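What follows is a set of notes on a single structure, which appears directly below.
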Amino acid sequence: MFRFLCKFNFKQMTKFQADFYHANGYLVLPNILNHQEIDKLLQRTNDLVEKADLVNNQMFFDTKNAPRGMSFLDTASKIGYLLELGMIDEKGQIKVKDKKLALNKIGHAMHDLDPVFEKFSYNNIFKAVLKGVGYIDPILAQTMVIFKNQKFGTAVDMHTDNTYIISEPKLSCIGLWIALEDATKNNGCMYAFPKSHLTPTTYFNVLDDTRRNTKMIGTNPEYQKHFDPSKAECLEVSKGSVILLHGDLVHFSGHNHSSQSRHAYTLHFIEGHNNNWSKQAWLQRIPELPFQKYYKRVSEIDTF
């Protein structure tokens, strides 16, 4: 009913597409990315994981809004590796032979630190998408490789991205969710509640007074009490497709109980025109690695 599939014009988004996004809070752009470029990103991900010392640099990702701590906060300016809960045994070793199976995500600054991720992230396709929905001077605040490993890939609870990606004076996050593999009901695809973005986000993950940990502030919307998962739009997409997510859109994904992984790459932007990154947001870049103006950086990089 709400889902809109179409052939994407790589040079310019249509008014019909943009209107659908603004009305519903999401838009599916099927098969707009070259599989060869996707495979390069997957191979680079494998290379990074192979070299990473996950045992001596243990970080875990908890989707329950638990305090994050400094090791997590430091990933704002690094390439950090976050493990699924319960993946370390009593001897401090990873429980699985394939290290990638232990991971929940990699983040949050590889787009500005790794050449392969940089080239993929700063490109004219995404520029056309952002311009099409009205972004004047966007900033790419964070990127993540999200692992939804076969059997191990955990569910992500209902949330909005503006809870974590905070700009001011206006909340302005838009997420580009890229399917690195086919995403289906069986392996934990995305679900979204159309038009839920019409209710502003009121709950935020921010730095505490020490600025060495995080806390939640505002009114907890308790989405699980007010949204019926069976009424959500199922966003099954194939490899190379992109899903646009408004910062106030309530969305979630389930546990991957299948034998097929469902990895994704996400880019979260804010509007930089007459708008700034919040000094209270959990993600704070070091001075040596400032945010970059997206359109300007795209023009500087040889893109696909």
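These numbers come from a predicted model, not from an experiment.
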Kindly compute the distance separating CD (Glu37) from CG (Asn123), expressed to the nearest 0.5 Å. 9.0 Å
Tyr26 backbone acceptor or donor facing Asn24 side chain under 3.5 Å: no
Treating Asn275 as the side-chain partner and Glu271 as the backbone partner, does any N or O pair qualify as donor plus acceptor under 3.5 Å? yes
Spell out, yes or no, whether Leu249 and Phe193 are grouped together once hydrophobic residues are joined by side-chain heavy atoms under 4.5 Å, including indirect joins. no
Of all heavy-atom pairs between Gly132 and Ala18, which one has the smallest distance, and what is that distance? O-CB, 3.4 Å
Cluster link Leu283 to Leu171, ILVMFWY, side chain under 4.5 Å: no
Contacts of His226 meeting ring-ring contact (aromatic ring centres under 6.0 Å, His included) (sequence neighbours excluded), chain-then-number -> none
Short side-chain to backbone donor-acceptor contact, Ser241 and Asn31, under 3.5 Å: yes
I'd like to know whether Phe117 forms a side chain to side chain contact (heavy atoms under 4.5 Å, CB included) with Val145, so could you lay out the CA-CA distance, the side-chain angles of the two residues, the decisive distance to 0.1 Å, and finally the verdict. CA-CA 10 Å; Phe117 276 91; Val145 174; 3.6 Å; yes
Gly188 to Arg262 - nearest heavy-atom pair and separation: O-NH1, 2.6 Å
Heavy-atom side-chain proximity of Ile106 to Thr45 below 4.5 angstrom: yes
Whether Gln17 side chain and Thr14 backbone form a donor-acceptor pair below 3.5 Å: yes
Asp209/Lys215 under side chain to side chain contact (heavy atoms under 4.5 Å, CB included): CA gap, chis, key distance, verdict: CA-CA 9 Å; Asp209 292 340; Lys215 64 180 180 179; 4.0 Å; yes
Are Phe269 and Tyr294 close enough that their ring centers fall under 6.0 Å? yes
Under a 4.0 Å threshold between the charged nitrogen and the carboxylate oxygen, would Glu118 count as salt-bridged to Arg297? yes
Does the plane of the ring in Phe72 sit parallel, tilted or perpendicular to the ring in His108? Use 30° and 60° as the thresholds. perpendicular
Please walk me through it: do Gln93 and Ile88 pass side chain to side chain contact (heavy atoms under 4.5 Å, CB included)? CA-CA 5 Å; Gln93 299 300 308; Ile88 299 295; 6.0 Å; no
Do side-chain atoms of Lys99 reach the backbone of Val49 as a donor and acceptor pair under 3.5 angstrom? yes
Does Lys78, at its NZ atom, have more than 12 non-hydrogen atoms belonging to other residues, nucleotides or ligands within less than 6.0 Å? no
Of the non-hydrogen atoms in Asn162 and Ile166, which two are nearest, and what is the gap between them? O-CG1, 3.6 Å
Criterion side chain to side chain donor-acceptor pair (under 3.5 Å) on Ser259 and Lys151, from CA distance to verdict: CA-CA 6 Å; Ser259 59; Lys151 305 299 182 183; 5.9 Å; no
Against Lys148, only a single residue in Ser258, Ser253, Ser261 fulfils side-chain hydrogen bond (donor to acceptor under 3.5 Å, both in side chains); can you say which? Ser253
Would His111 and Ser121 count as having a side-chain donor-acceptor pair, cut-off 3.5 Å? no
Check step by step if side chain to side chain donor-acceptor pair (under 3.5 Å) holds for Glu50 and Asn46. CA-CA 6 Å; Glu50 186 61 31; Asn46 291 338; over 6 Å; no
Are Phe252 and Phe227, when compared by the centres of their aromatic rings, separated by less than 6.0 Å? no
Under 3.5 Å, side chain of Ser167 to main-chain N/O of Ser172, donor-acceptor pair present? yes
Asp89 atom CG: more than 12 heavy-atom contacts under 6.0 Å: yes
Consider only side-chain N and O atoms of Thr163 and Thr201, and report whether a donor and an acceptor are under 3.5 Å apart. no
Return yes if some donor-acceptor pair links the side-chain N/O of Asp114 with the main-chain N/O of Met110 below 3.5 Å, else return no. no
Closest heavy-atom pair, Asn274 versus Pro169, reported as atoms and distance to 0.1 Å, is O-CD, 3.9 Å
Listed partners of Lys51 passing salt bridge (Lys or Arg N to Asp or Glu O under 4.0 Å), at least two apart: none
Can you measure from OG1 (Thr184) to CG (Leu235) and round to the nearest 0.5 angstrom? 12.5 Å
Give, for atom OG1 of Thr266 and atom CG of Leu245, the distance between the pair rounded to the nearest 0.5 Å. 9.5 Å
Show every ring-ring contact (aromatic ring centres under 6.0 Å, His included) that has at least one partner inside residues 140-163, sequence neighbours left out. Phe147-His263, His159-His251
Got a sec, which pairs hit salt bridge (Lys or Arg N to Asp or Glu O under 4.0 Å) with one end in residues 239-260, sequence neighbours left out? Asp39-Lys239
From Gln280 CD over to Thr214 OG1, what is the distance, rounded to the nearest 0.5 angstrom? 12.0 Å
If you measure from CG on Asp98 to CG on Asn149, what distance do you get to the nearest 0.5 Å? 7.5 Å
Any chance you could measure Ile125, atom CD1, to Leu130, atom CG, to the nearest 0.5 Å? 12.0 Å
Does any donor atom in the side chain of Ser230 or Asp228 lie under 3.5 Å from an acceptor atom in the other side chain? yes
Between Trp282 and Tyr164, does the ring centroid distance fall short of 6.0 Å? no
Return the set of residues passing salt bridge (Lys or Arg N to Asp or Glu O under 4.0 Å) with Glu222 (not counting sequence neighbours), or none when no residue passes. Lys225
Contacts satisfying salt bridge (Lys or Arg N to Asp or Glu O under 4.0 Å) that involve residues 158-173 (not counting sequence neighbours) are none
Distance under 6.0 Å and angle within 45° of the ring axis: does Lys127 meet both against Tyr295? yes
Check: Glu233 side chain, Tyr191 main-chain N or O, donor-acceptor pair, under 3.5 Å: no
Please determine whether a side-chain nitrogen of the Lys or Arg among Arg285 and Asp112 lies less than 4.0 Å from a carboxylate oxygen of the Asp or Glu. yes
Shared ILVMFWY cluster between Val250 and Val156, side chains joined below 4.5 angstrom? no
Taking a hydrophobic cluster as the set of Ile, Leu, Val, Met, Phe, Trp and Tyr residues connected by side-chain heavy atoms closer than 4.5 Å, whether directly or through intermediates, do Val96 and Leu48 fall within one such cluster? yes
Evaluate the side chain to side chain contact (heavy atoms under 4.5 Å, CB included) criterion for residues Leu244 and Phe20: first the C-alpha distance (whole Å), next the side-chain angles of each, then the deciding distance (0.1 Å), finally the verdict. CA-CA 11 Å; Leu244 278 64; Phe20 183 93; over 6 Å; no
Should Val133 and Leu198 be regarded as members of a common hydrophobic cluster, given that ILVMFWY residues are connected when their side-chain heavy atoms come within less than 4.5 Å of each other, either directly or indirectly? no
Residue pair Ile217 / Tyr203: nearest heavy atoms and the distance that separates them: O-CD1, 3.3 Å
Considering non-hydrogen atoms only, spot the tightest contact between Ala179 and Val237 and give its length. CB-CG2, 3.8 Å
State, without any angle test, whether Gln260 and Asn187 hold a side-chain donor-acceptor pair at a distance under 3.5 Å. no
Distance-only, no hydrogens or angles: does the Trp177 side chain make a donor-acceptor pair with backbone N or O of Met190 under 3.5 Å? no
His255 side chain to Gly153 main-chain N or O, any donor-acceptor pair under 3.5 Å? yes
